[in-house]
Amino acid sequence: DAMVIQNPRYQVTQFGKPVTLSCSQTLNHNVMYWYQQKSSQAPKLLFHYYDKDFNNEADTPDNFQSRRPNTSFCFLDIRSPGLGDAAMYLCATSRGDYSYEQYFGPGTRLTVT
Amino acid sequence: AQKITQTQPGMFVQEKEAVTLDCTYDTSDQSYGLFWYKQPSSGEMIFLIYQGSYDEQNATEGRYSLNFQKARKSANLVISASQLGDSAMYFCAMSLRKGTYKYIFGTGTRLKVLA
């Protein structure tokens, strides 16, 4: 049973054309995360939500925005994608307790042409 | 500063042999959790094993065990009886009780299992 779902799995967008990636969860977890991961590198945290409280990482470009309209859904908006934004985008959830693991979705691989 | 260090960018192991992937961590917090994740080429991060800072026994999950040496601040992953399907990227991660729900990842180790 899928617990963290990401759509689409593959996304191709044009340089400068806005794109939205979506994530949903059936775990009812308080915390949702968006990571950017480039080839063979560690995931880089972009932002996370505790419920509706939004936390932006200091080095997350302004080009990246996020919305969490309810507990189950979270969106990543890239307003004007550049070639450097091509990456795997991972959504994850957690219970909000340091002694529990994160649950990851399968990721969305973004290509920018 | 809170940090995870994985010093082995790549490792090879023969099928059916055991392999140890190194992880050291740095934190001044007393309450923390340590995790290992596997990431196959498909991209999904798969949780493998967890060790709490107050756990006195090393964690085990099937063929995975975590060699936790608190004084040395190390949390090495041991995979016994390696299988071809174990070929993947492995990440060590840490979470802190005071860490505002964030998880700190190491740079990963790419493991290749040889037939």
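Quick note on labels: first sequence line is chain A, next is B, and so on, each numbered from 1.
Heavy atoms from other residues, nucleotides or ligands lying under 6.0 Å from CG of A:Asp59 number more than 12. Within a 6.0 Å radius of NZ in B:Lys70, other residues, nucleotides and ligands contribute more than 12 heavy atoms. Within a 6.0 Å radius of CZ in B:Phe12, other residues, nucleotides and ligands contribute 12 heavy atoms or fewer. Taking a 6.0 Å sphere around NZ of A:Lys38, one finds it holds more than 12 heavy atoms contributed by other residues, nucleotides or ligands. A 6.0 Å sphere centred on NZ of B:Lys73 holds more than 12 heavy atoms belonging to other residues, nucleotides or ligands.
Within the 4.5 angstrom heavy-atom criterion, only side-chain atoms of A:Tyr35, from C-beta onward, approach chain B. With a threshold of 4.5 angstrom between heavy atoms, B:Gln39 approaches chain A through side-chain atoms but not through N, CA, C or O. For A:Gln6, no part lies near chain B; criterion is any non-hydrogen pair under 4.5 Å. Heavy atoms of B:Ser31 lying under 4.5 Å from chain A belong to its backbone as well as its side chain. For B:Met89, the part lying near chain A is the side chain, with the backbone staying farther off; criterion is any non-hydrogen pair under 4.5 Å. Only the backbone of A:Asp97 comes within contact range of chain B, with heavy atoms under 4.5 Å apart. Both the backbone and the side chain of A:Glu101 come within contact range of chain B, with heavy atoms under 4.5 Å apart.
With hydrophobic clusters built from ILVMFWY side chains whose heavy atoms lie under 4.5 angstrom apart, A:Tyr50 shares a cluster with B:Tyr103. Grouping the Ile, Leu, Val, Met, Phe, Trp and Tyr side chains by contacts below 4.5 angstrom, directly or via other members, places B:Leu34 with B:Leu21. A continuous path of ILVMFWY side-chain contacts below 4.5 Å connects B:Ile104 to B:Leu66, so both sit in one hydrophobic cluster. Under the 4.5 Å side-chain heavy-atom criterion for Ile, Leu, Val, Met, Phe, Trp and Tyr, A:Leu76 and A:Tyr10 are members of distinct hydrophobic clusters.
The choice from A:Gly107, A:Ser99, A:Gly96, A:Gly105 that makes the most heavy-atom pairs within less than 4.5 Å of chain B is A:Ser99. Among A:Arg109, A:Glu57, A:Arg95, the residue with the largest count of heavy-atom pairs under 4.5 Å with chain B is A:Glu57.
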- Query: So A:Gln102 and B:Phe35, side-chain contact (heavy atoms from CB on, under 4.5 Å) or not? Walk me through it.
  - Reply: CA-CA 9 Å; A:Gln102 289 179 298; B:Phe35 305 82; over 6 Å; no

- Query: Can A:Tyr100 and B:Ser95 be said to form a side-chain contact (heavy atoms from CB on, under 4.5 Å), step by step?
  - Reply: CA-CA 9 Å; A:Tyr100 288 92; B:Ser95 62; over 6 Å; no

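Across A:Ser40 and B:Arg110, no two heavy atoms sit closer than the pair OG-NH2, 2.9 Å. Nearest heavy atoms, A:Phe104 versus B:Glu44: O-OE2, 3.7 Å. Closest heavy-atom contact between B:Phe105 and A:Ala42: CB-CB, 4.3 Å.
With sequence neighbours excluded, no residue forms a ring-ring contact (aromatic ring centres under 6.0 Å, His included) with B:Phe68.
Put simply, OH on B:Tyr32 and OH on A:Tyr98 are 10.0 Å apart, with the number rounded to the nearest 0.5 Å.
In this structure a side-chain-to-backbone donor-acceptor pair under 3.5 Å is present from A:Tyr33 to B:Tyr101.
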